[in-house]
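A short worksheet on the structure shown next.
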Number of protein chains: 2
Amino acid sequence: MARRTKAEAAATREALLDAAEEVFLEKGVARTSLEQIARHADMTRGALYWHFRNKADLFQAMLQRVRMPFQELVEEIGDPSLVERPLEAIRLACLKGFERLEQPRYRRVHAILIHHCEVFGDIDPLAMQNEMADEACGALIDYFGCAARLGHLRAGLSPEVAAELTQAMLGGLFHDWLRNHERFSILERGTVLLDTQLELMGASSSE
Amino acid sequence: MARRTKAEAAATREALLDAAEEVFLEKGVARTSLEQIARHADMTRGALYWHFRNKADLFQAMLQRVRMPFQELVEEIGDPSLVERPLEAIRLACLKGFERLEQPRYRRVHAILIHHCEVFGDIDPLAMQNEMADEACGALIDYFGCAARLGHLRAGLSPEVAAELTQAMLGGLFHDWLRNHERFSILERGTVLLDTQLELMGASSSE
DNA sequence: ACTTATCCATACATTGTTGAATGTAAAAGA
DNA sequence: TCTTTTACATTCAACAATGTATGGATAAGT
């Protein structure tokens with residue numbers, strides 16, 4: 001066939017990634033062949049093997065479109081007064097994360113990463129989940145530690161336990177929602193759960 | 001080769017299931033062939049196809065060895081006074097669950113179900129996880145509702161939210177631990193997290 | 001205008017896996 | 001003891017998926 005212009009080539013690359021998301025989410029990563037993905041994008045495997053070296057390379061490119069580190073969420077809020085209210089910083093960052101997750105692309109890719117793929121090639125999704133969890137937990141420990149020094153935490157509650165508790169709760173909510181997002185809105189339920197959890201853990205005097 | 005006695009046949013069946021657990025956990029379900037499983041049990045695919053119809057049948061048989069419904073955990077405690085202390089019932093049931101999960105067989109199979117398999121054949125692990133989650137959440141709502149009627153819940157905390165909070169926290173802890181169990185003991189961390197969470201949610205007057 | 005590199009389709013060789021068919025020797029049953 | 005069934009091993013046909021090699025047409029560079 002005919003060669004495409006650079007913009008068209010970039011468009012087909014995006015189309016292939018979109019098709020990969022949809023088919024991966026529907027059939028699982030292992031059970032989908034590269035031909036199925038290509039045909040779903042109205043292309044052939046030739047196009048796929050031109051833009052990506054193999055399935056693992058395609059997968060990594062798919063992930064790279066939805067990176068969402070915890071620190072970025074806090075920085076995007078851009079409220080300097082949050083330094084004095086670390087619990088509120090956690091709350092707003094999580095809410096921002098919830099809003100992102102409701103966008104189809106973020107939701108689909110994370111659902112694939114967590115529920116619809118196994119180890120394959122040189123890709124280990126569990127290692128990626130570990131990295132994400134470690135980074136989130138580290139940030140939470142920092143913020144809860146700051147809250148503890150400011151006296152914003154309930155007496156007897158260590159910042160480590162508070163961070164582990166919050167991270168476990170958020171992770172469980174995350175997994176439950178990604179399993180079937182039609183059941184509830186993660187923004188709504190996440191707001192309720194996070195607010196009550198933070199209120200339970202916050203110092204009863206101030207807050 | 002030679003035919004085995006009935007006891008020996010049952011032993012090879014168990015050996016095949018054990019081998020399936022180990023290889024599934026190491027390589028993922030989709031990436032392991034039936035030949036790899038058979039060879040890991042010092043057998044051939046002939047033995048496997050005799051005892052199981054196909055991969056999905058083997059998988060289901062593997063799951064059937066570790067069923068662990070929430071209600072059974074409560075009933076196994078067998079303390080009738082728990083009716084008046086529903087929060088303590090939840091606590092003891094979860095601790096019993098943690099102890100079970102530390103047994104290698106339970107840990108491995110659940111790790112496979114949650115982190116190392118996708119949909120395949122007529123088996124949908126996400127549907128199974130949904131069933132498990134629904135059952136656990138239903139039981140939690142019952143117990144927290146009972147606790148609310150007895151005045152054991154903090155004022156302003158609805159039993160539904162308490163149940164969702166607890167289930168999300170337990171689920172997150174579950175997933176984190178199954179991802180790599182070497183990092184911490186689910187019994188130890190689970191005890192700490194569950195105790196603090198229940199204390200946070202319990203009525204401050206009594207308890 | 002000419003060349004070249006790009007973008008993609010098509011065809012082919014190779015491999016891995018499945019399921020079933022067949023073989024077989026001993027245990028169970030009579 | 002004789003037959004039948006069981007519990008596997010071995011072999012084979014068929015397919016599905018991958019990776020690569022090749023071809024072709026045009027956009028881009030000069």
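Chain letters run A, B, ... following the sequence lines, proteins first, then strands; residues in each count from 1. Here the structure is a predicted model, which is why all the values come from computation and not from measurement.
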5' priority, DNA chain D, between A:Gly46 and A:Arg31 [closest heavy atom]: A:Arg31
D:dA28 OP1/OP2 closer than 4.0 Å to side-chain N/O of A:Thr5: yes
Side-chain donor or acceptor of A:Arg154 paired with backbone N/O of A:Leu200 under 3.5 Å: yes
Phosphate-side-chain proximity, B:His51 and D:dA7, N/O vs OP1/OP2 below 4.0 Å: no
Cationic N near anionic O, under 4.0 Å, B:Glu102 to B:Arg107: no
Contact under 4.0 Å: A:Thr12 side-chain N or O vs C:dC8 OP1/OP2: yes
Nearest-nucleotide pick for A:Lys6, side chain only, options being C:dC7, D:dT18, D:dA7: C:dC7
Residue A:Ala47, side-chain heavy atoms: nucleotide from C:dT17, C:dA11, C:dC8 that is nearest: C:dC8
Presence of B:Trp50 side-chain N/O under 4.0 Å of D:dA7 phosphate oxygens OP1/OP2: yes
Heavy atoms from other residues, nucleotides or ligands near CD of A:Glu188 exceed 12 (cutoff 6.0 Å): no
Candidate nucleotides D:dC8, C:dC8, D:dT20, ranked by approach to the side chain of A:Tyr49 - the nearest: D:dT20
Touch class at under 4.0 angstrom, heavy-atom based, for A:Thr44 against every strand present: base
B:Leu34 side-chain proximity, nearest of C:dT18, D:dA17, D:dC8: C:dT18
Student check: side-chain heavy atoms of B:Pro125 and B:Phe120 closer than 4.5 Å: no
